[in-house]
Amino acid sequence: MLADSVDTVVVEGNQYFPIADVRAEHLRPSDSHTTCHWKGVASYYDVVVGDKVNRDAAWYYPTPSSAAERIKERVAFWHGVKVEAVA
């Protein structure tokens, strides 16, 4: 399991996990960045499990815009990372 939280925030269909609820040993900083017109500049992590690397599979906004303040210090996933609700 990469992350487990009862405190996710959904933005544009993506679950943003508090960074404290993510297993940091599986995140490796990436040099990639993208810009969202309303959230700001996103930074990425590679997700590393064993010898497998999923490049840029996690992203976060280090300094989100005021409109996206609720995702500050949160991480979201994509590129084949499965996010499931647990009952």
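Residue numbers start at 1 and run along the sequence shown.
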Under the side chain to side chain contact (heavy atoms under 4.5 Å, CB included) test, which residues partner A58, sequence neighbours left out?
->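 Testing A58 for side chain to side chain contact (heavy atoms under 4.5 Å, CB included), a comparison that skips the adjacent residues, returns L27, Y45, V47, V75, F77.
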Of all residues at least two apart in sequence or in a different chain, which pass the side chain to side chain contact (heavy atoms under 4.5 Å, CB included) check with A24?
->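 Applying side chain to side chain contact (heavy atoms under 4.5 Å, CB included) to A24 gives none.
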Are [Y] and [X] connected in a single hydrophobic cluster, I mean Ile/Leu/Val/Met/Phe/Trp/Tyr linked by side-chain heavy atoms less than 4.5 Å apart?
X   : Y   : answer
I19 : V81 : yes
V22 : V49 : yes
W59 : V11 : yes

Nearest-0.5 Å distance, OG1 of residue T63 to NZ of residue K39 |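 The OG1 atom of T63 sits 14.0 Å away from the NZ atom of K39.
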Report the distance from atom CG of D31 to atom NE2 of H33, rounding to the nearest 0.5 Å.
->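 Rounded to the nearest 0.5 Å, the CG-NE2 separation comes out at 6.5 Å.
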Any idea which heavy atoms bring [X] and [Y] closest together, and the distance?
X   : Y   : result
V41 : P62 : O-CD, 3.6 Å
A3  : F17 : CB-CD2, 3.7 Å
V9  : R70 : CG1-NH1, 3.4 Å
A76 : N14 : CB-CB, 4.4 Å
R55 : S30 : NH2-OG, 4.2 Å

Would you please classify the geometry between the Y16 ring and the Y61 ring as parallel, tilted or perpendicular, with 30° and 60° separating the classes?
->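 Rings of Y61 and Y16: tilted, as their planes differ by 30° to 60°.
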Heavy-atom side-chain proximity of D4 to D21 below 4.5 angstrom |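 Result no, sub-4.5 Å side-chain heavy-atom pair not found.
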Can you find a pair of side-chain heavy atoms, one from V53 and one from R28, that are under 4.5 Å apart?
->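 They are in side-chain contact.
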What pairs with D7 under salt bridge (charged side-chain N to carboxylate O under 4.0 Å, His left out), at least two apart in sequence or on another chain?
->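 With sequence neighbours excluded, D7 shows a salt bridge (charged side-chain N to carboxylate O under 4.0 Å, His left out) to R74, given in chain and number order.
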Can you list everything that forms a side chain to side chain donor-acceptor pair (under 3.5 Å) with [X]? Sequence neighbours excluded, please.
X   : result
Y44 : T34
N54 : none
E84 : K82

